[in-house]
There are 2 protein chains.
Amino acid sequence: MPRAGLDRATVVATGAALADEVGLANLTMGSLAERVGVRTPSLYKHVGGQDDLNRRIATLALSELADAIGTAVQGYAGRDALAAAARAFRTFVLEHPGRYAATLGVEPSGPNDPMALGSRRLLDTFTAVLRGYHLDVSDVDHALRMLRSLCHGFATLQGANGFQWSADIDESFEWLIAFADRGLRTL
Amino acid sequence: MPRAGLDRATVVATGAALADEVGLANLTMGSLAERVGVRTPSLYKHVGGQDDLNRRIATLALSELADAIGTAVQGYAGRDALAAAARAFRTFVLEHPGRYAATLGVEPSGPNDPMALGSRRLLDTFTAVLRGYHLDVSDVDHALRMLRSLCHGFATLQGANGFQWSADIDESFEWLIAFADRGLRTL
DNA sequence: CCCTTTTGGTTAATGGCGTTAGCCAAAAGC
DNA sequence: GCTTTTGGCTAACGCCATTAACCAAAAGGG
């Protein structure tokens with residue numbers, strides 16, 4: 001029996017890719033084992049179990065999402081930065097629905113949890129975007145939550161086919177960015 | 001063996017209640033059977049299976065949600081109507097997380113699907129709320145999607161403990177309503 | 001370079017879940 | 001009152017996550 005040369009990072013990355021393909025709910029230890037070319041119990045040599053796998057996928061996803069938005073925002077400020085961040089967020093969620101789903105409902109175990117680091121980087125990027133609007137300090141937290149709700153809500157609803165009727169979805173998203181921008185500029 | 005006097009509506013309603021208590025993902029046929037006082041296979045006399053149960057819970061939830069928001073909005077217009085609708089939405093999602101989760105990712109099978117009726121009633125209520133803002137017709141669809149994204153995003157993030165840091169969450173939601181109202185009034 | 005230890009794979013088994021089949025008594029209808 | 005439908009039951013199957021026990025391959029130290 002030749003070894004498969006597997007390691008934790010490979011297992012997690014393959015799990016993330018598979019979750020994107022078939023949906024997080026359908027990511028099974030059996031299908032993941034088959035994908036990496038190994039029998040199911042072997043996965044437990046690299047990962048604690050399904051829960052642990054989920055947390056690691058979430059950590060990976062948050063890091064990638066923070067990277068993607070951070071990169072997208074570079075060189076922009078104000079409305080352009082807001083638009084770049086929002087578009088990058090939606091693109092990530094639509095291209096990686098399984099990864100993104102893994103980040104929901106998972107709480108960091110402590111302040112040293114690498115997942116918390118990803119969350120913080122993501123938050124910092126959005127905070128930087130808001131800096132261009134020179135908001136009152138008392139508004140910043142609320143504005144952050146508003147942006148997060150808008151982006152999360154729009155992207156997950158679109159991913160769940162929650163927008164049934166006619167109008168063009170991309171157009172709606174651009175409209176929504178403009179709406180948020182106008183509101184933030186007139187605070 | 002005395003009969004349990006069960007019927008479909010009872011099974012679905014109990015399933016919805018149980019989903020709210022333990023989370024939709026933890027709603028198991030076994031636990032539901034126990035709750036209604038019957039062995040697991042007996043449930044299949046009233047419901048097609050887990051998928052069918054989920055659809056029926058979703059249908060119930062959409063109907064209840066449409067009722068709740070419709071009632072909350074009565075007698076109000078403009079900003080007051082918007083606030084009432086948004087608060088009713090969030091309250092419903094927080095009080096009935098399992099029911100609401102059941103509505104996501106379930107597509108109506110056809111135009112006669114009773115679930116589609118609930119969706120439409122919900123949509124109509126929000127459309128009525130927007131009427132108070134006298135929007136340009138070309139803006140209505142986008143504004144509806146914006147409101148839906150905001151309410152859905154905020155409520156589900158709060159439900160998933162997605163808001164970790166300090167500021168008061170109720171205050172953020174009121175801020176968000178005010179933000180949306182201001183934006184809609186200045187279109 | 002062999003001998004030992006760690007590592008990463010295996011098969012077998014357990015227990016929980018959804019679901020189906022087949023049975024049988026209670027209710028409903030003629 | 002007899003027949004049919006209905007709503008419960010037990011038994012069984014297959015899938016899934018997980019654990020235990022085992023064993024070969026790599027790694028590493030004399």
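Chain A is the first sequence line, chain B the second, and so forth, proteins listed ahead of strands; every chain is numbered from 1.
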Worksheet entry | Separation of atom OH in B:Y44 from atom P in C:dG22, rounded to whole Å | 17 Å
Worksheet item: Under 3.5 Å, is there a donor-acceptor pair between the side chain of A:T186 and the main chain of A:R182?
Response: yes
Item to complete: State whether A:R39 places a side-chain N or O below 4.0 Å from either non-bridging phosphate oxygen (OP1 or OP2) of C:dG9.
Response: no
Worksheet item: Could you state the CG-P distance from A:D7 to C:dG8, rounded to the nearest angstrom?
Response: 9 Å
Discussion item. Give the residues of residues 20-37 of chain A touching DNA chain D, defined as any heavy atom closer than 4.0 Å, sorted by residue number.
Written reply: A:T28, A:M29, A:G30
Worksheet item: Mind checking whether A:H152 and B:H152 have parallel, tilted or perpendicular rings, split at 30° and 60°?
Response: parallel
Fill in: Exam field: side chain A:S31 to backbone A:L27, donor-acceptor pair closer than 3.5 Å
no
Fill in: Electrostatic pair B:D52-B:R8, nearest N-O below 4.0 angstrom
no
Discussion item. In terms of relative ring orientation, are B:W175 and B:F179 parallel, tilted or perpendicular, with 30° and 60° separating the classes?
Written reply: parallel
Worksheet item: Is there a donor-acceptor pair closer than 3.5 Å between any side-chain N or O of A:S63 and the backbone N or O of A:T59?
Response: no
Item to complete: Please report, rounded to the nearest Å, how far the C1' atom of D:dT6 is from the CZ atom of B:R8.
Response: 13 Å
Worksheet item: For the side chain of B:P41, counting heavy atoms from C-beta on, which of C:dT10, D:dA11, D:dA17 is nearest?
Response: D:dA11
Worksheet item: For B:Q50 and D:dC16, what is the distance between atoms CD and P respectively, to the nearest whole Å?
Response: 14 Å
Worksheet item: Do the ring planes of B:F154 and B:F173 sit parallel (below 30°), tilted (30 to 60°) or perpendicular (above 60°)?
Response: tilted
Worksheet item: Among residues 51-61 of chain B, which residues get a heavy atom nearer than 4.0 Å to DNA chain D?
Response: none
Discussion item. Less than 4.0 angstrom from a charged side-chain N to a carboxylate O is my criterion; do A:D141 and A:R145 meet it?
Written reply: no
Discussion item. Can you see if the side chain of B:S42 gets near the phosphate of D:dG7 - specifically, an N or O under 4.0 Å from OP1 or OP2?
Written reply: no
Fill in: Phosphate contact (D:dT6 OP1 or OP2) by B:H46 side-chain N/O below 4.0 Å
no
Worksheet, complete the sentence: Taken to the nearest whole Å, CG/B:L43 to P/D:dG7 is 13 Å
Worksheet item: Are the aromatic rings of A:H96 and A:Y100 close, with centres under 6.0 Å apart?
Response: no
Worksheet item: Nearest to the side chain of A:L6 - C:dT10, C:dG9, D:dA17?
Response: C:dG9
